[in-house]
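Letters go in sequence order (proteins before strands), and every chain restarts at 1.
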Number of protein chains: 2
Amino acid sequence: MEYQEAKEKFVSTWGSLGTLWGINKAMAQIQALLFISTKPLSMEDIMEELKISRGNTSMNLRQLMDWGIVTKEIVRGERKEFFTTEKDVQELARIVAKERSRREIKPVIKVLEEVSTIKDDGTEKTKELIKQTRALKHLTDDLDTLMNKLVNQKQNWLTKSVFKLMK
Amino acid sequence: MEYQEAKEKFVSTWGSLGTLWGINKAMAQIQALLFISTKPLSMEDIMEELKISRGNTSMNLRQLMDWGIVTKEIVRGERKEFFTTEKDVQELARIVAKERSRREIKPVIKVLEEVSTIKDDGTEKTKELIKQTRALKHLTDDLDTLMNKLVNQKQNWLTKSVFKLMK
DNA sequence: ATAAACTTTCAATAATTATTGAAAGTTTAG
DNA sequence: CTAAACTTTCAATAATTATTGAAAGTTTAT
């Protein structure tokens with residue numbers, strides 16, 4: 001496999017994987033492109049490489065910046081803006097985990113909390129609703145805590161965690 | 001909040017959350033409904049409760065069965081089929097984690113493996129592609145391993161894991 | 001101040017994904 | 001065997017989500 005083919009394969013796979021970590025295709029592809037680029041890319045570069053429109057590029061770059069994954073770079077002597085992504089995979093994972101916790105998991109925990117604390121009217125179905133949503137809340141809480149703990153261990157968190165869990 | 005309101009809130013929240021664990025809205029809502037039901041439900045019951053068509057119900061029930069989350073129940077004296085879902089949240093999480101690993105993570109690891117082992121032609125961009133996709137492969141491998149380890153600890157895996165990681 | 005270089009916005013459109021409903025298929029009771 | 005009860009399939013349609021492109025907005029150089 002040659003460079004160009006490998007690159008395209010990587011960018012498109014990462015793109016379709018976007019949904020797995022909760023972002024859209026173009027957004028994931030732009031990030032993938034920046035991730036393997038040896039230098040900052042301009043909007044033109046990105047549009048060209050991915051064959052997507054200016055508007056699309058602009059909107060998705062903004063989202064990536066909102067996530068804190070991509071940053072603007074000023075290149076001296078150039079008028080246009082350039083972009084780079086976080087290059088360290090562990091830091092990247094940390095950012096993604098934090099954002100997903102904040103955007104998706106926390107709000108769900110809140111709803112589960114509300115639903116699981118309704119008044120017990122003594123009926124079987126109410127008891128079941130309370131019991132099951134409470135269990136789900138505990139699980140979600142635990143997973144969220146675990147994820148945040150994993151991600152907050154600065155150095156080599158993953159390796160360390162895998163090691164600890166093997167004991 | 002009364003039972004009916006709480007139930008609807010739970011079902012719709014869990015439904016829109018579906019995307020987070022990689023399934024569609026109707027599928028997640030059906031599972032949510034079964035999860036808080038005190039008895040097996042028929043297709044009619046589900047259609048009625050969620051106001052969705054017979055076809056939709058049938059297709060999504062099949063998918064839930066493919067995932068191994070929902071099972072058919074035979075109710076004596078009844079001709080139609082009834083359905084139940086796994087009621088234990090930890091077992092549920094275990095099934096979901098296993099399936100997502102198999103369906104989504106493993107295939108990505110395979111692509112990363114392919115891309116990260118292309119021939120190094122000595123150019124900077126090829127070196128960067130190899131380096132970055134290799135790092136991503138390691139991360140993904142580690143996360144997958146971690147997830148499977150977590151999930152294979154039979155009793156109280158989550159609580160135990162959280163405890164271990166606090167040390 | 002103004003024009004060129006660039007970015008953002010957003011209504012229109014395209015692409016994708018989910019849902020319906022009726023016909024075809026299957027199972028069971030008599 | 002046949003009709004009723006039930007489930008599945010799938011082409012058509014609806015709903016949702018992503019993308020375009022051109023106009024409006026912003027910044028910078030002169």
Side-chain angles (χ1 to χ4, degrees), chain A residues 11-34 40-67 70-85 103-104, chain B residues 11-34 40-67 70-85 103-104:
Chain A
V11 171
S12 77
T13 303
W14 206 244
S16 57
L17 188 71
T19 49
L20 201 147
W21 46 295
I23 68 179
N24 77 29
K25 201 180 77 176
M27 204 173 146
Q29 289 191 346
I30 292 172
Q31 199 276 328
L33 197 59
L34 293 172
L41 299 180
S42 69
M43 237 169 70
E44 296 287 342
D45 296 333
I46 296 168
M47 288 166 60
E48 166 98 358
E49 286 267 13
L50 302 179
K51 303 274 181 284
I52 60 176
S53 71
R54 188 173 297 283
N56 200 1
T57 309
S58 171
M59 285 163 98
N60 285 109
L61 276 171
R62 163 192 281 285
Q63 279 209 76
L64 285 164
M65 289 187 285
D66 288 348
W67 271 72
V70 162
T71 45
K72 275 187 190 165
E73 291 275 305
I74 291 157
V75 174
R76 89 174 219 123
E78 287 275 10
R79 183 123 158 220
K80 55 178 169 249
E81 297 172 329
F82 286 79
F83 301 89
T84 46
T85 189
R103 293 170 192 234
E104 295 164 311
Chain B
V11 171
S12 77
T13 303
W14 206 242
S16 57
L17 188 71
T19 50
L20 202 147
W21 47 295
I23 67 177
N24 76 30
K25 203 180 75 177
M27 204 174 144
Q29 289 191 347
I30 292 171
Q31 198 276 328
L33 197 61
L34 292 172
L41 300 180
S42 68
M43 236 168 71
E44 296 288 344
D45 295 333
I46 296 168
M47 287 166 61
E48 165 98 359
E49 285 268 11
L50 302 178
K51 303 272 180 283
I52 60 177
S53 71
R54 188 173 297 283
N56 201 1
T57 309
S58 171
M59 286 163 97
N60 284 108
L61 276 171
R62 164 192 281 283
Q63 280 210 74
L64 285 164
M65 289 187 285
D66 287 347
W67 271 72
V70 161
T71 46
K72 274 187 190 166
E73 291 274 306
I74 292 159
V75 173
R76 86 173 225 124
E78 287 274 11
R79 182 120 159 221
K80 56 177 168 245
E81 297 170 329
F82 286 79
F83 301 88
T84 46
T85 189
R103 292 169 193 236
E104 295 164 315

Residue among L34(A), T71(A), L41(A) satisfying side-chain contact (heavy atoms from CB on, under 4.5 Å) with T84(A): T71(A)
Distance, rounded to the nearest Å, where [X] contributes [atom1] and [N] contributes [atom2]:
| X | N | atom1 | atom2 | result |
| --- | --- | --- | --- | --- |
| I46(B) | dC6(D) | CD1 | C1' | 14 Å |
| N24(A) | dA15(C) | CG | P | 16 Å |
| E78(B) | dC6(D) | CD | P | 8 Å |
| I23(A) | dA18(D) | CD1 | C1' | 14 Å |
| K80(A) | dA29(D) | NZ | P | 14 Å |
| I74(A) | dT27(D) | CD1 | C1' | 12 Å |
| E44(A) | dA5(C) | CD | P | 12 Å |
| L64(B) | dA18(C) | CG | C1' | 15 Å |

Under-4.0 Å side-chain N/O to phosphate OP1/OP2 contact, R62(A) with dT9(C): yes
Residue pair F83(B), V70(B): steps toward the side chain to side chain contact (heavy atoms under 4.5 Å, CB included) verdict: CA-CA 7 Å; F83(B) 301 88; V70(B) 161; 4.1 Å; yes
Base paired to dA23(D) (Watson-Crick or G-U; both N/O distances under 3.5 angstrom): dT8(C)
Face-on cation placement of R103(B) at W67(B) ring, 6.0 Å and 45° thresholds: yes
Beyond-backbone contact of L61(A) with I46(A), side-chain heavy atoms, under 4.5 angstrom: yes
Non-hydrogen side-chain atoms of K80(A) and M43(A) separated by less than 4.5 Å: no
Polar pair under 3.5 Å, donor/acceptor by atom type, side chain R79(B), base dA29(C): no
Strand-adjacent residues in residues 51-61 of chain A, judged by heavy atoms under 4.0 Å from DNA chain C: R54(A), G55(A), S58(A), M59(A)
Residue whose nearest DNA chain D nucleotide is more 5′ - K25(B) or A26(A): K25(B)
Sidechain-backbone polar pair: S58(B) side chain, R54(B) backbone, donor-acceptor under 3.5 Å: no
Under 3.5 Å donor-acceptor, D66(A) side chain and Q63(A) backbone: no
